[in-house]
J.: 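Okay, here's the structure, questions in a sec.
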Amino acid sequence: MYPDHKHFLPPEESQGESRGSARRRRLFWKLRQRWKLLGLFEIDKDHDFYPLTCDLKEGLKDAVQDTIQTEATQSLLTDEDYSAKLTQGHEGYVMRTYAGPVFKQFRQSLGVTEESYQRSLSSCGLYLQFISNSKSKADFFLTNDKRLFLKTQSKREVHFLLQILRKYIQHFQSYPHSLLVKILGVHSITRTQEKKKYFIIMQSVFFPDERITGRYDIKGCHVSRWTEPEPEGSRVLQVFKDLNFEGNVICLDQQRSWLLRQTELDTHFLRDLNVLDYSLLVGFQTLHQDEKNQSWSLANLIVRTKRSVNGTGSPTTSQCASVPGTVEEEGESTDKEEEGTEFSGTPDLTSARRVPMKRIGQQASTVSNISDVIAQNRRLLPNYKNPLHVMDGPELRYFIGIIDIFTVYGLKKRLEHLWKSMRYHGQEFSTVSPSRYAHRLCHWVETHTV
């Protein structure tokens, strides 16, 4: 869903064309491209969202700076941390940060330092706008380095996220290698004479994206789950759906059992939250020959195992236990990161010792009980960027994650289910009970993996 950046250029101005006419022509071209094409666009000075993104950069830089300057006074999170709200006034707008202490510790547990987080959000590089074929009315922005996604959310969705935040954090403590999207912050911005906008900041599942050649949004159903492919050679980004995937499989070999189990754990968590309509993102890229045949040294395996079981927090976050398997930001690791593949000859990490994260903010203690290892469903992660969402098969590298976890099965969705049951009688559509939804997505993974 997060493609290579294609900055489309407008048609050349014809000779003798007036400046005003040329300006109107460029504007018309940009509007036409924005609605006709799907993909990434630089939000430059001529873009409607440019003033907003400039304010977001400045506001988020100051919000993160506040967390950098605020030293942690306690290791355990309190109710006040979960209900915290920081309000910062700026010229022309007000930025608010919700549950800041909680997300700070969560970022630390993922090995994301505040400095690197701030750098991504506020770099001088332009934000990118992502335009998709999604039915959502949300706006999507991507930081220039493509590490972080900013998505606008409704007030109801943000309220729901903050309500379930403690359970969300606890899920990652129980299952550090979860496929759920990693939400790193929740904010709102109120600009002069405009309505308040709520938005969340997430790690990109499809990172790094330079070599990704296929992207799918899977819900496990058939109704309205087809995207018409563009002509061959088209530069238009497309995110395909369930029906487009039919006839293909995800080839993971020994890691298939891990994926089936983790999908079950994550969807059961969402089921218990009464949530539906989430998607399983699947992207893939071809492994290079040297990646497939790479010879693994004992030292490399030790590094990977250490990252998978102990975590790798940066030196600045040593007081916070890291989610095992995270990789430090570039330039901050003591071990040189290699863009390698997963070791196909090594069994899942569920047969190895590990250090579980008992709670964010506390040092984890070593546990050698094999039942605990299996309970956390760990795997041997790749020594590669974004390892919690990357899995290597014999021929392809897969990027897998679960997104859009805020739709509650309330009265509106129940009525929608009733209406669709009559309209699409006997067919599989998206709006079903959370229990049915979870079971169906697990079944899709089981039948589309080998």
Side-chain angles (χ1 to χ4, degrees), residues 56-90 94-122 147-151 153 155 157-174 176 178 180-190 196 198-203 273 311-324 326 328-329 332 356-364 388 405-406:
L56 287 175
K57 283 186 180 184
E58 179 187 49
L60 290 171
K61 181 179 181 179
D62 287 353
V64 179
Q65 188 62 35
D66 183 83
T67 68
I68 292 174
Q69 295 174 346
T70 303
E71 295 184 5
T73 57
Q74 53 191 7
S75 59
L76 294 178
L77 295 171
T78 65
D79 291 340
E80 287 73 22
D81 293 324
Y82 281 92
S83 60
K85 181 170 70 173
L86 172 67
T87 302
Q88 295 173 303
H90 299 266
V94 173
M95 178 74 75
R96 292 181 175 85
T97 302
Y98 302 92
V102 180
F103 286 109
K104 177 182 180 180
Q105 286 203 9
F106 187 52
R107 293 192 294 268
Q108 291 175 337
S109 76
L110 294 170
V112 179
T113 69
E114 295 302 279
E115 290 77 12
S116 66
Y117 184 62
Q118 184 186 58
R119 220 167 23 244
S120 288
L121 290 171
S122 60
R147 288 178 179 270
L148 304 177
F149 232 94
L150 288 79
K151 180 184 178 183
Q153 304 280 168
K155 181 179 180 179
E157 290 169 330
V158 167
H159 180 67
F160 174 71
L161 170 59
L162 295 176
Q163 273 188 324
I164 61 128
L165 182 56
R166 193 186 300 270
K167 293 180 180 178
Y168 174 82
I169 296 296
Q170 289 171 348
H171 183 72
F172 278 94
Q173 294 171 356
S174 299
S178 170
L180 294 183
V181 64
K182 315 304 182 284
I183 300 171
L184 305 183
V186 178
H187 304 266
S188 70
I189 184 171
T190 308
K196 180 186 293 186
Y198 291 91
F199 61 96
I200 62 173
I201 302 172
M202 307 169 284
Q203 280 188 332
L273 293 178
T312 55
S314 94
T316 62
T317 62
S318 60
Q319 293 183 349
C320 179
S322 296
V323 169
T326 56
E328 293 103 329
E329 298 297 324
E332 295 172 2
M357 184 179 69
K358 290 299 185 183
R359 63 168 58 85
I360 289 182
Q362 274 195 333
Q363 286 291 344
L388 294 176
I405 60 174
F406 305 120

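Along the sequence shown, residues are numbered consecutively beginning with 1. Fair warning: this is a prediction, and the values are worked out from it, not measured in the lab.
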J.: Step by step, would you call Phe106 with Val112 a side chain to side chain contact (heavy atoms under 4.5 Å, CB included)?
T.: CA-CA 9 Å; Phe106 187 52; Val112 179; over 6 Å; no
J.: Can you tell me how far apart CD1 (Ile201) and CG (Leu121) are? Round to the nearest 0.5 Å.
T.: 4.5 Å
J.: When you measure from the side chain of Lys182 to the backbone N and O of Leu180, does any donor-acceptor pair fall under 3.5 Å?
T.: yes
J.: Hey, are the side chains of Leu161 and Ile405 touching, using non-hydrogen atoms and a 4.5 Å cut-off?
T.: no
J.: Do Met95 and Leu56 have side-chain heavy atoms sitting under 4.5 Å apart?
T.: yes
J.: Is it the case that over 12 heavy atoms from other parts of the model lie below 6.0 angstrom from the NE2 atom of His90?
T.: yes
J.: Starting from the C-alpha separation in whole Å, work towards a yes-or-no answer on salt bridge (Lys or Arg N to Asp or Glu O under 4.0 Å) for Arg166 and Asp79.
T.: CA-CA 10 Å; Arg166 193 186 300 270; Asp79 291 340; 2.7 Å; yes
J.: Could you give me the CA-CA distance, side-chain angles and deciding distance for Arg107 and Glu114, then say whether salt bridge (Lys or Arg N to Asp or Glu O under 4.0 Å) is met?
T.: CA-CA 8 Å; Arg107 293 192 294 268; Glu114 295 302 279; 2.8 Å; yes
J.: To check you understand the geometry: which heavy-atom pair defines the closest contact between Ala63 and Thr97, and what is its length?
T.: CB-OG1, 3.5 Å
J.: Between Thr113 and Ser116 (side chain of the first, backbone of the second, donor and acceptor by atom type, cut-off under 3.5 Å), is there such a pair?
T.: yes
J.: Please report the closest heavy-atom contact between Ala99 and Leu165, naming both atoms and the distance.
T.: CB-CD2, 3.7 Å
J.: Check the pair Tyr168 / Leu273 against side chain to side chain contact (heavy atoms under 4.5 Å, CB included), numbers first and verdict last.
T.: CA-CA 10 Å; Tyr168 174 82; Leu273 293 178; over 6 Å; no
J.: Would you say Leu86 and Gln88 make side-chain contact, with heavy atoms under 4.5 Å?
T.: yes
J.: At their closest point, which heavy atom of Gly185 faces which heavy atom of Phe103, and how far apart are they?
T.: N-CD2, 3.7 Å
J.: How many angstroms lie between CZ in Arg119 and CZ in Arg147, if you round to the nearest 0.5 Å?
T.: 8.5 Å
J.: Which heavy atom of Gln118 sits nearest to which heavy atom of Ile68, and what is that distance?
T.: OE1-CD1, 3.9 Å
J.: I'd like to know if the side chain of Ser120 reaches the main chain of Tyr117, judged simply by a donor and an acceptor atom lying under 3.5 Å from each other, with no hydrogens or angles considered.
T.: no
J.: Taking all heavy atoms of Asp81 and all of Val102, pick out the closest pair and write down the distance.
T.: O-CG2, 3.6 Å
J.: Please lay out, stage by stage, how Gln203 and Leu184 fare under the test side chain to side chain contact (heavy atoms under 4.5 Å, CB included).
T.: CA-CA 7 Å; Gln203 280 188 332; Leu184 305 183; 3.6 Å; yes
J.: Measure the OG1-CD distance between Thr67 and Gln105 for me, rounded to the nearest 0.5 Å.
T.: 11.5 Å
J.: Look only at the side chain of Lys151 and the backbone of Phe199, and say whether a donor-acceptor pair between them is shorter than 3.5 Å.
T.: no
J.: Can you confirm whether Lys196 is buried at NZ, in the sense that more than 12 heavy atoms of other residues, nucleotides or ligands lie under 6.0 Å from that atom?
T.: yes
J.: Show the numbers, then the answer: is there a side chain to side chain contact (heavy atoms under 4.5 Å, CB included) between Ser83 and Tyr98?
T.: CA-CA 7 Å; Ser83 60; Tyr98 302 92; over 6 Å; no
J.: Ignoring hydrogens and geometry, is there a side-chain-to-backbone donor-acceptor pair from Asp62 to Gly59 under 3.5 Å?
T.: no
J.: Do other residues, nucleotides or ligands put more than 12 heavy atoms under 6.0 Å from the NZ atom of Lys57?
T.: yes
J.: Is there a side-chain contact between His171 and Ser178 (heavy atoms, below 4.5 Å)?
T.: yes
J.: Is the side chain of Gln153 donor-acceptor paired with the backbone N or O of Val158 at a distance under 3.5 Å, no angle test?
T.: no
J.: What are the two closest heavy atoms between Met202 and Ile183, and how far apart are they?
T.: CG-CG1, 4.3 Å
